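Comments concern the structure below.
Remember, it's a predicted structure, so these values are computed and weren't measured experimentally. In what follows, every heavy atom counts, from backbone to side chain, and hydrogens, waters and symmetry copies are set aside.
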Amino acid sequence: HERYRRRFPDAALAMPWAELPREFYRDSNRRQLHSILDAMVALGRSWAPTRPEPGPGPDPDRLASAAATVRIEAGLAFFDLNRAELERVAEQEHESWRRQYLGDGWRLGSSRDDQRRRHPGLKPWAELDLDARRKTMAGVVDTLFALRALGYRSVRPSAISPPSASSPSASTSALAT
């Protein structure tokens, strides 16, 4: 939520977390996180602790103010995603967001109106224009950077090194089976 506030300081919901007018908006932030976690797992990824990068990576705070296309390109490279994978995650996230809003009584509208619960983005993914899709893809990248800052990284199965037979975690794993 804090990155959203920095990127859109004039937005109606660019206020501290505790001051959001409805629990619905806090739930939407939590839902987004879970949606992206699940979508990455659906790609065959798993989650591992963050480890130091071999070189300097992109600065997520500086990227937060960059254009959507810049954030997308940085995310593709840094998180080892191809465009089709990022689009699948973004589509799943958009449809999750859409279900939550429709379930709360929101409807498609020509402009956003929180009082009347109208939003122009409440279209199925296939009907969204390119800018709306890019915005969602950039939001996915932002969330992946936020997860990384919290100590998590998404990895392909081939990038996970199994513990050696002499490591404590291997012994513990053997005892658990």
Side-chain angles (χ1 to χ4, degrees), residues 1-11 13-14 17 25-101 112 119-164 167 169:
H1 180 70
E2 290 306 310
R3 286 191 180 160
Y4 171 86
R5 289 181 61 202
R6 287 194 301 271
R7 182 171 305 112
F8 305 106
D10 298 326
L13 296 173
W17 178 263
Y25 298 112
R26 285 182 286 279
D27 286 344
S28 185
N29 278 264
R30 291 184 283 261
R31 179 214 42 79
Q32 180 185 33
L33 178 67
H34 288 284
S35 169
I36 292 170
L37 285 167
D38 292 345
M40 294 298 284
V41 169
L43 290 178
R45 300 284 189 109
S46 58
W47 293 94
T50 300
R51 64 176 181 218
E53 296 299 323
D59 179 352
D61 289 328
R62 193 166 2 148
L63 277 176
S65 61
T69 53
V70 172
R71 296 189 340 259
I72 290 167
E73 292 306 317
L76 289 171
F78 191 74
F79 296 112
D80 187 27
L81 289 166
N82 63 48
R83 188 164 299 277
E85 289 172 327
L86 181 58
E87 286 181 16
R88 277 196 302 270
V89 174
E91 179 177 3
Q92 185 171 328
E93 160 48 25
H94 173 75
E95 293 302 332
S96 172
W97 169 85
R98 187 171 168 259
R99 281 189 304 275
Q100 183 196 18
Y101 271 67
R112 183 173 178 148
H119 198 294
L122 284 171
K123 300 174 184 177
W125 178 259
E127 295 175 20
L128 290 177
D129 64 29
L130 184 57
D131 285 341
R133 287 180 182 212
R134 283 183 181 143
K135 180 180 176 184
T136 303
M137 289 169 43
V140 167
V141 168
D142 294 343
T143 300
L144 291 172
F145 275 118
L147 284 163
R148 194 152 181 87
L150 293 170
Y152 300 95
R153 64 187 173 100
S154 168
V155 294
R156 294 185 187 281
S158 61
I160 301 172
S161 303
S164 66
S167 74
S169 58

Report summary line: In terms of heavy-atom contacts, A14 and Y4 come closest through N-CE2, 4.2 Å

Query - OG1-CH2 distance between T136 and W125, expressed to the nearest 0.5 angstrom - result: 5.0 Å

Report summary line: All heavy atoms of A138 vs all of I72, minimum pair found to be N-CG1, 3.8 Å

Report summary line: Rounding to 0.5 Å, atoms CE (M137) and CZ (R88) come to a distance of 12.0 Å

Query raised in the report: Do N29 and W17 come close enough that some side-chain heavy atom pair is under 4.5 Å?
Result: yes

Let me check something: any side-chain donor-acceptor pairs from residues 32-44 under 3.5 Å, sequence neighbours excluded? List them with distances.
| unit_1 | atom_1 | unit_2 | atom_2 | d |
| --- | --- | --- | --- | --- |
| S35 | OG | E93 | OE1 | 3.1 |

Requested in this report: Identify the heavy atoms of V141 and R71 that sit nearest to each other, and give their distance.
Outcome: CG1-O, 3.4 Å

Query raised in the report: For T69, does its backbone N or O pair with a side-chain atom of R134 as donor and acceptor, under 3.5 Å?
Result: no

Report summary line: Smallest heavy-atom separation, D80 atom then E85 atom, equals O-OE1, 4.1 Å

Query raised in the report: Once you round to the nearest 0.5 Å, how far does CG of L13 lie from CZ of R26?
Result: 10.5 Å

Query raised in the report: Is a donor on one side and an acceptor on the other found under 3.5 Å between the side chain of R156 and the backbone of R45?
Result: no

Report task. Identify, with sequence neighbours excluded, every residue that meets salt bridge (Lys or Arg N to Asp or Glu O under 4.0 Å) alongside D129. Result -> none

Report summary line: OH of Y25 to CD of Q100, rounded to nearest 0.5 Å, is 10.0 Å

Requested in this report: Could you check L81 against L144 for side chain to side chain contact (heavy atoms under 4.5 Å, CB included), going step by step and ending with a plain yes or no?
Outcome: CA-CA 11 Å; L81 289 166; L144 291 172; 4.0 Å; yes

Query raised in the report: With no hydrogens and no angle check, is any side-chain donor or acceptor of S96 less than 3.5 Å from a backbone partner on Q92?
Result: no

Report summary line: Smallest heavy-atom separation, H94 atom then G121 atom, equals CE1-O, 3.1 Å

Query raised in the report: Can a salt bridge be assigned to the pair R98 and E95 using a cut-off of 4.0 Å between side-chain N and carboxylate O?
Result: yes

Query raised in the report: How many angstroms lie between OH in Y101 and CG in L122, if you round to the nearest 0.5 Å?
Result: 8.5 Å

Report task. Please answer whether the main-chain N or O of Y152 pairs with a side-chain N or O of T50 as donor and acceptor at a distance below 3.5 Å. Result -> yes

